[in-house]
Amino acid sequence: MPELPEAETIVRGLRPLIVGRRITRAEVLRPDVLREGVRSFAPRVRNRTILAVERRAKNVLILLDGSRRIAVNLGMTGRLLPFPAPPRGARRPGHPAVRFRFSDGGVLVFDDTRRFGTVECLGDTEWTVREARFGPEPLGDGWTARALHVALSGSRSPVRSWLLDQRRVAGVGNIYAAEALFLAGIHPQRPASSLTKTEATALHGAVRSVLSDAIDEGGTTIRDYRNAIGGEGGYASLLWVYGRDGEPCRRCGTAVERIVFANRSAFFCPRCQPAAR
DNA sequence: AGTGTATCCTGCAGGC
DNA sequence: TGCCTGCAGGATACAC
């Protein structure tokens, strides 16, 4: 599913295609993706003009006039597909959940096979409350190596779990956590508080470079992820460890391992990322 | 403050 | 071919 780079890629692709358009109606085909009733949601987006498209953490925000925004969490398999879609051959929605119709005849479809994603329309106050639950943006100026080290030192949680906790840092998911920990040479089960200042600094740099490189590549497509025009991301071929269990480490040749904790697979090179130090 | 487990849901790959 | 199991970029709630 989409992590920060995928959400960012979608936002950038969507922005020129939908800003300025007016939503004439929302058709909710799968009410369970809403976090509110259809009777509450549909009228709040009707006849609203799209002013901007932004991202916060892994969420796509469609800002509307009238001090409200549509917040889309893409979950594992969510997509936002505008139609008419430019390229022929681009995927047509297979599991449309919400369809926004524009006054010019265009359509934006939230498509989500597994329906772990969510769509909501939030006012300013609701959004402020929601937004406060997210930690800092890892690519923002406020997220420093020093601040990361201090934050890590207060938690005995495994560092991979720490990175996945959106309240601590917003937007890192399982792929980029694995990649950043590899680049920093840190075993995913190391307690957060055990990281030295040097390691925290390395992790800080690794998270940032992995995320920004992935944005440059348009995200990582393993299976389901598609950008706003149906295309795949190019970062999958650059992965060091994610999904490569049993294959040789691209740095040292040792077999990449897969372990499961906190109900998620973790991939690492046992030689490049020793368990203890 | 942690972990482990379960839940939401669909599809696909691999083993037999 | 079919059936079964396990697995998947996320997030949350629960008991311990």
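Below, chain A is the first sequence line, B the second, and so on; all start at residue 1.
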- Message: Rounded to whole Å, please give me the gap between CG in Leu239(A) and P in dA8(C).
- Response: 14 Å
- Once you round to the nearest 0.5 Å, how far does CZ of Arg46(A) lie from OG1 of Thr24(A)? 9.5 Å
- Task: Nearest-nucleotide wise, let me know which of Val172(A) and Val260(A) is further upstream toward the 5' end of DNA chain C.
- Result: Val260(A)
- Write down the partner of dC9(B) under the Watson-Crick or G-U wobble criteria, each distance required to be under 3.5 Å. none
- Query: Can Arg69(A) and Glu54(A) be said to form a salt bridge (Lys or Arg N to Asp or Glu O under 4.0 Å), step by step?
  - Reply: CA-CA 10 Å; Arg69(A) 72 277 292 134; Glu54(A) 297 175 357; over 6 Å; no
- Task: Taking only heavy atoms on the protein side, list every residue of residues 116-136 of chain A lying under 4.0 Å from any atom of DNA chain B, sorted numerically.
- Result: Phe116(A)
- Message: Whether the side chain of Arg115(A) and the base of dC9(B) hold a donor-acceptor pair under 3.5 Å is what I'd like checked.
- Response: no
- Message: Any side-chain N or O of Ser157(A) below 4.0 angstrom from OP1/OP2 of dA1(B)?
- Response: no
- Message: What is the separation between atom CG on Leu164(A) and atom P on dG4(B), rounded to the nearest whole Å?
- Response: 14 Å
- Query: Taking CZ from Arg30(A) and C1' from dC8(B), how many angstroms apart are they, rounded to a whole number?
  - Reply: 13 Å
- So do Arg35(A) and Phe41(A) actually touch side chain to side chain, heavy atoms under 4.5 Å? no
- Query: How is Thr220(A) classified with respect to the nucleic acid when contacts are heavy atoms under 4.0 Å: base, sugar-phosphate, or nothing?
  - Reply: base
- Message: Give me the distance, rounded to whole Å, that separates dT1(C) from dT10(B) when you measure between the P atoms they each carry.
- Response: 24 Å
- What is the nucleic acid contact for Arg258(A), judged by heavy atoms within less than 4.0 Å: base, sugar-phosphate only, or nothing? sugar-phosphate
- Message: Work out how far the P atom of dC3(C) is from that of dC8(B), and round it to whole angstrom.
- Response: 24 Å
- Would you kindly give the CD-to-C1' distance between Gln166(A) and dA13(C), to the nearest whole Å? 17 Å
- Query: For Arg22(A), does the CZ atom have more than 12 heavy-atom neighbours from other residues, nucleotides or ligands under 6.0 Å away?
  - Reply: yes
- Task: With rounding to the nearest 0.5 Å, note down the distance linking CD1 in Ile222(A) to CG in Leu239(A).
- Result: 5.5 Å
- Query: Which nucleotide in the list dA8(C), dG2(B), dT12(C) gets nearest to the side chain of Arg35(A)?
  - Reply: dT12(C)
- Query: Between Arg114(A) and Thr77(A), do the side chains contain an N or O donor and an N or O acceptor separated by less than 3.5 Å?
  - Reply: no
- Message: To the closest 0.5 Å, what do you measure between CZ (Arg226(A)) and OG1 (Thr221(A))?
- Response: 5.5 Å
- Mind calculating the distance between CG (Asp111(A)) and C1' (dC9(B)) to the nearest angstrom? 14 Å
- Message: Regarding Phe261(A), tell me which of base, sugar-phosphate or nothing describes its non-hydrogen contacts under 4.0 Å with the strands shown.
- Response: nothing
- Whole-Å distance separating the CZ atom of Arg114(A) from the P atom of dC9(B): 11 Å
- Message: Does Ser155(A) reach a base, just sugar-phosphate, or nothing at all? Heavy atoms under 4.0 Å.
- Response: sugar-phosphate
- Which part of the nucleic acid, if any, lies within contact of Asp112(A), taking any heavy atom under 4.0 Å across all strands shown: a base, the sugar-phosphate backbone alone, or nothing? nothing
- Item | Non-hydrogen side-chain atoms of Arg25(A) and Arg99(A) separated by less than 4.5 Å | no
- Message: Work out how far the P atom of dC9(B) is from that of dG2(C), and round it to whole angstrom.
- Response: 26 Å
- How would you label the contact of Glu6(A) with the nucleic acid (heavy atoms, under 4.0 Å): base, sugar-phosphate, or nothing? nothing
- Task: I would like to know whether Leu17(A) and Ile229(A) meet side chain to side chain contact (heavy atoms under 4.5 Å, CB included); could you show each step before the answer?
- Result: CA-CA 10 Å; Leu17(A) 299 176; Ile229(A) 59 169; 4.1 Å; yes
- Task: Consider the side chain of Asp32(A), meaning its heavy atoms from C-beta on, and name the nucleotide among dG2(B), dC9(B), dA11(C) that approaches it most closely.
- Result: dC9(B)
Tabulated below should be each protein N or O lying under 3.5 Å from an N or O of nucleotides 11-15 of chain B; please produce it.
unit_1  : atom_1 : unit_2   : atom_2 : d
dG11(B) : OP1    : His95(A) : NE2    : 3.2

- Query: Can you find a heavy atom in the side chain of Tyr176(A) that is under 4.5 Å from one in the side chain of Thr220(A)?
  - Reply: yes
- Task: Round to a whole Å and report the spacing from CE of Met76(A) to C1' of dA11(C).
- Result: 10 Å
- Taking only N and O in the side chain of Asn263(A), is any of them less than 4.0 Å away from OP1 or OP2 of dA6(B)? no
- Using 30° and 60° as the class limits, which term best fits the ring planes of Phe267(A) and Tyr242(A): parallel, tilted or perpendicular? perpendicular
